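Report on the structure given below.
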Amino acid sequence: MTKDKPILVTQSSLPPFEEYCKEIAGIWETRHLTNMGPKHNELEVGLGKYLGVDNVTLYTNGHLALENMLEAYGVTGEIITTPFTFVSTTNAILRSGLMPVFCDVKEDDYTINPEKIEDLITDRTSAILAVHVYGNVCDDDVVSKIAKKHNLKVFYDAAHAFGVRKNGVSVATYGDCSMFSFHATKVFNTVEGGALCYKDGAMKPVLDSYKNFGLDASKDYSVMGGNAKMSEFHAAMGICNLRHLDGEILKRKRVFGIYASAFDGVEGIKVCVPPADVEHNYAYMPVLFTGAFNRDDVFDALAKENVFARKYFYPLTNRTTWFRKNFVTTQPTPVAEFVSDNVLCLPMYAGLSDGDAERIADIVLKSAKHRREVL
Ligand SMILES: *Cc1c(COP(=O)(O)O)cnc(C)c1O
């Protein structure tokens, strides 16, 4: 429990150094560095097995996977989404020339509120892009039923939900297509990377083409693709990290347990406890502060002790300087705003020690008492 070494909100998982070296050694013989090499293909197969899906396409990163997805699936016009997410979700929509229409989130788990979707549907709506924010599972049954009724595609930003299952079913099977991010800060990482998981196997050559300049099987270019390929070195990191993933998630669960029991029953502190039918990945430790606790005060109290929490997700994606400069938000999302103003993500990673988690919880709890003394 050194106070002088800063504790950041996350710390990337890495395999043992020798394991990674062994994994990449063969590359010096094949000289196959990228362009859908053997490591890339092995990781696609491995992820399909782990996530319980037939179709996986790997990408340079999750953001480009989102942009490729929207283009390859031919999404047009308006797309219903939520503003309580990383800015990547909204930017992928806007950069694809589409219009995000913002739906509010649910108070309990901050995912899209399906009851609010139908009011937002117009004759220009072509899809729903919902976010399994913090690994909390969207209400896919209801979302998909609404989509079917209105003939909309269903996409998920599952960047936070790697490995999450509900009733034993992987969330990667939800909707038409789901995006996973393998960024260094995510539960499962390939340094930088991402993937799409999707139902329709016929999309495989289309997606493969979009990520490789539009090159198709006949060596012609039938779509206007870009470059979003995952290299062999990144895939090798993924192959190694996947071997250790279950252990890493268990360690995260232990950290969650320490925080959750420290905060249990404390008024003004709300923790998202996964429902009994969900196998969670404990990707983040979001805590909602109200009453005697003030989010910004908690943040400051932690920073004073060299602990750096993050105001995820603040501002909302429809409240950023860029967004406000370019658009007028017409859809009110009061729940998302409330959560964004009061939530703080505490440090959460597999290597966080019990002692540090206890100390962080302690600082949080004391920050309220201190505030009462001041008042
Ligand atoms: C990380 C993240 C992304 C983007 O993924 P990258 O791999 O970093 O490009 C998109 N959406 C959400 C919700 C994320 O957290």
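Numbering of ligands and ligand atoms starts at 1, following listing order. Fair warning: this is a prediction, and the values are worked out from it, not measured in the lab.
- Annotation: atom 11 (N) of ligand 1 to nearest protein heavy atom, D157 OD2, 2.7 Å.
- For the pair R165 and Y50, the cation sits on the ring face: its NZ or CZ lies under 6.0 Å from the ring centre, inside 45° of the axis.
- In this model, a donor atom of one side chain and an acceptor atom of the other lie less than 3.5 Å apart for D109 and T111.
- Shortest contact from atom 15 (O) of ligand 1 to any protein heavy atom: H160 NE2, 2.7 Å.
- Looking at E192 against ligand 1, nothing comes within 4.0 Å, counting heavy atoms.
- Distance from atom 14 (C) of ligand 1 to its nearest protein heavy atom, with residue and atom name: A159 CB, 3.4 Å.
- Considering backbone and side-chain N/O atoms, S181 comes within less than 3.5 Å of an N/O atom of ligand 1.
- Ring centroid separation for the pair Y110 and H160 does not come in under the 6.0 Å cut-off.
- Against a heavy-atom cut-off of under 4.0 Å, T85 is close to the following atoms of ligand 1: 13 (C).
- Aromatic ring centroids of Y259 and Y282 lie 6.0 Å or more apart.
- The nearest protein atom to atom 9 (O) of ligand 1, hydrogens excluded, is given as H63 N, 2.8 Å; this is a heavy-atom distance.
- In terms of polar-atom proximity, defined here as any N/O pair under 3.5 Å, G62 does make such a contact with ligand 1.
- Checked against the 6.0 Å centroid criterion, the rings of Y73 and F155 qualify as a close aromatic pair.
- The atoms of ligand 1 that sit less than 4.0 Å from any heavy atom of F86 are 2 (C), 3 (C), 12 (C), 13 (C), 14 (C), 15 (O).
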One pair to check against side-chain contact (heavy atoms from CB on, under 4.5 Å): L129 and M69. What are the steps and the verdict? CA-CA 11 Å; L129 172 52; M69 174 183 83; 4.3 Å; yes
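- If you check which protein heavy atom lies closest to atom 4 (C) of ligand 1, you get S88 OG, 3.5 Å.
- Numbered from 1 in the order shown, with element, the atoms of ligand 1 that lie under 4.0 Å from a heavy atom of G193 read 7 (O).
- By the rule that hydrophobic residues join a cluster once side-chain heavy atoms approach within less than 4.5 Å of another member, F299 and F293 end up as members of one cluster.
- At a threshold of 4.0 Å, the pair D141-K145 does not count as salt-bridged, since none of the basic side-chain nitrogens sits closer than that to a carboxylate oxygen.
- Which parts of ligand 1 touch M179 is read off a 4.0 Å heavy-atom cut-off, strictly below it: atoms 10 (C), 11 (N).
- L316 is connected to V343 through a chain of hydrophobic side-chain contacts under 4.5 Å among Ile, Leu, Val, Met, Phe, Trp and Tyr, so both are in one cluster.
- One option in K186, H183, H132 has a heavy atom closer to atom 1 (C) of ligand 1 than any other, and that option is K186.
- Note on ligand 1: A65 sits outside its first shell, no heavy atom being nearer than 4.0 Å.
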